Amino acid sequence: MSHCSLQHSSLVKSKPRDSFVLTLLSLYIAVSLCLYLIAILSNSFVIIAIVVHLPLHTPMYFFISNLAILHLLGISSVLPKMLENLILGKNTISFEGCVAQLYTFTFSGSTELILLTVMAYDQYLATRQPLHYVTMMSKGTCITLMPGVWGIGTNSLINTLLVAQLDFCGPNLIQNFLCEIPLVPALSCSSTYLSEIMVYMADIILGMGNFLLVTLSYYLILTVLKIQGSAGKWKAFSTCSSHLATVGLFYSTIIYTYIEPSSAIRKKTKPASIMYTLVTPTLNPLVYSLRNKSDHSGILENC
């Protein structure tokens, strides 16, 4: 089994002595570092605010705190190594480090798929069964759901182990700044048939399955809203809007990246990767935490 260091393709392709390229690279490092710090601080702040502020002890904010933990896990598995390579002028990562990054990043993404579906179901119950919502989504129910959500996300371990046993003969150049499927298996000189089958199964069951469940939840919500008056519709929409924004941002980048064949994926994966590794973890805390005035004031009281 041939394992060796892998290389990331350069984010800026030009001669290193070019002053313009160095300026561009420095700007990219500064922006990436700022976004990383904002993502870390904002998600940590959201978690702390939800824990210490009693009015935020609701099912939705319990799920939001888990989403923030996933964002911290995902972004921290990629950005430190990327910034290290950029600052030191390197573009390499060890095979073990690549496998660890692949597992952590894939695990956080898979778990987020499940969590967004649970949050959509929570929105449906809040709209469809408002009188029984507190009983149906009790603290015990929410705590019971979480091991299942995080447990299903560990399915990424199967795909990671399949990648770990592949042979890599070189050149081991990943066309991105992080290790992810399908880019890493594409470098292998051994058969990736089983790995590809498992990835397709995960895409269908986790990807399409959760997307359909989220779509069904909001279809049922819209059906319920047709019966209510305009005031009820607006209140329900304001409650669901933050979740819809997060779902739209998450699924749009996933679909954009993986809807086409692997040859096309390699050409456009960098912009999409920047979106779901940097931008999404930075924006989501703002989208959720500042949903309305009561939530805003509740968070500010903890400052």
Side-chain angles (χ1 to χ4, degrees), residues 43 46-47 49-51 53-71 108-150 152-153 206-255 276 280-281 283-299:
N43 281 284
V46 166
I47 295 170
I50 291 173
V51 170
H53 191 63
L54 291 178
L56 298 182
H57 290 188
T58 62
M60 178 52 67
Y61 278 104
F62 175 73
F63 298 140
I64 290 173
S65 64
N66 279 267
L67 186 64
I69 294 173
L70 286 173
H71 287 156
S108 62
S110 300
T111 307
E112 185 171 351
L113 280 171
I114 307 295
L115 184 57
L116 290 176
T117 303
V118 172
M119 294 171 74
Y121 180 68
D122 175 75
Q123 298 282 5
Y124 164 71
L125 288 180
T127 307
R128 181 69 177 83
Q129 302 283 351
L131 299 179
H132 304 286
Y133 173 73
V134 176
T135 304
M136 298 177 71
M137 292 300 292
S138 63
K139 181 178 179 180
T141 302
C142 294
I143 294 175
T144 303
L145 282 172
M146 282 304 100
V149 171
W150 286 78
I152 294 174
L206 285 178
M208 292 301 300
N210 283 284
F211 179 76
L212 291 175
L213 288 173
V214 170
T215 304
L216 177 62
S217 296
Y218 276 101
Y219 171 78
L220 295 174
I221 289 174
L222 291 175
T223 302
V224 173
L225 293 181
K226 288 181 180 179
I227 306 175
Q228 301 178 0
S230 57
K233 289 181 180 180
W234 173 250
K235 183 178 180 180
F237 176 77
S238 63
T239 303
C240 300
S241 59
S242 57
H243 183 255
L244 277 171
T246 301
V247 169
L249 185 61
F250 182 79
Y251 275 102
S252 61
T253 54
I254 295 298
I255 292 173
Y276 59 70
T280 301
L283 291 181
N284 277 349
L286 299 176
V287 171
Y288 274 115
S289 300
L290 308 180
R291 292 195 312 167
N292 52 54
K293 293 181 180 179
S294 61
D295 295 339
H296 195 175
S297 61
I299 292 176

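Just so it is clear, the structure is predicted and the values come from calculations on it, not from any experiment.
The side-chain heavy atoms of Q129 and Y124, taken from C-beta on, include no pair separated by under 4.5 Å. Residues I69 and W150 meet the side-chain proximity criterion, which asks for heavy atoms closer than 4.5 Å. The shortest side-chain heavy-atom distance between N66 and L115 falls under the 4.5 Å cut-off. Using a 4.5 Å cut-off on side-chain heavy atoms (C-beta onward), M146 and F63 make contact. At a threshold of 4.5 Å between non-hydrogen side-chain atoms, the residues H71 and E112 count as touching. Looking at L145 and V118, their side chains come closer than 4.5 Å, going by heavy atoms from C-beta outward. Looking at R128 and L220, their side chains never come closer than 4.5 Å, going by heavy atoms from C-beta outward. Using a 4.5 Å heavy-atom cutoff, the side chains of K139 and H57 are not in contact.
In this structure, the separation between CG on D122 and SG on C142 is 7.0 Å, given to the nearest 0.5 Å. Rounding to the nearest 0.5 Å gives a distance of 11.5 Å between CG of L125 and OG1 of T135. Taking CZ of F62 as the start and OG1 of T141 as the end, the distance is 11.0 Å to the nearest 0.5 Å. Separation of atoms CG (L116) and CG (L213) is listed at 12.0 Å; rounding is to 0.5 Å. If you take OG on S65 and CD1 on I50, they are separated by 5.0 Å, rounding to the nearest 0.5 Å.
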**OP:** Report the C-alpha separation of V149 and T117 in whole Å, then their side-chain angles, then the decisive distance to 0.1 Å, and conclude whether the side chain to side chain contact (heavy atoms under 4.5 Å, CB included) test is met.
**Re:** CA-CA 10 Å; V149 171; T117 303; over 6 Å; no

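Here the side chain of S138 pairs no donor or acceptor atom with the backbone of V134 at under 3.5 angstrom. With hydrogens and angles disregarded, no donor-acceptor distance shorter than 3.5 Å links the side chain of T111 to the backbone of S108.
Taking all atoms of both residues into account, the shortest heavy-atom contact from M60 to Y133 is N-OH, 4.4 Å. Closest heavy-atom contact between N43 and P285: OD1-CG, 3.3 Å.
Open room surrounds CZ on F211; 12 or fewer heavy atoms of other groups in view lie less than 6.0 Å from it.
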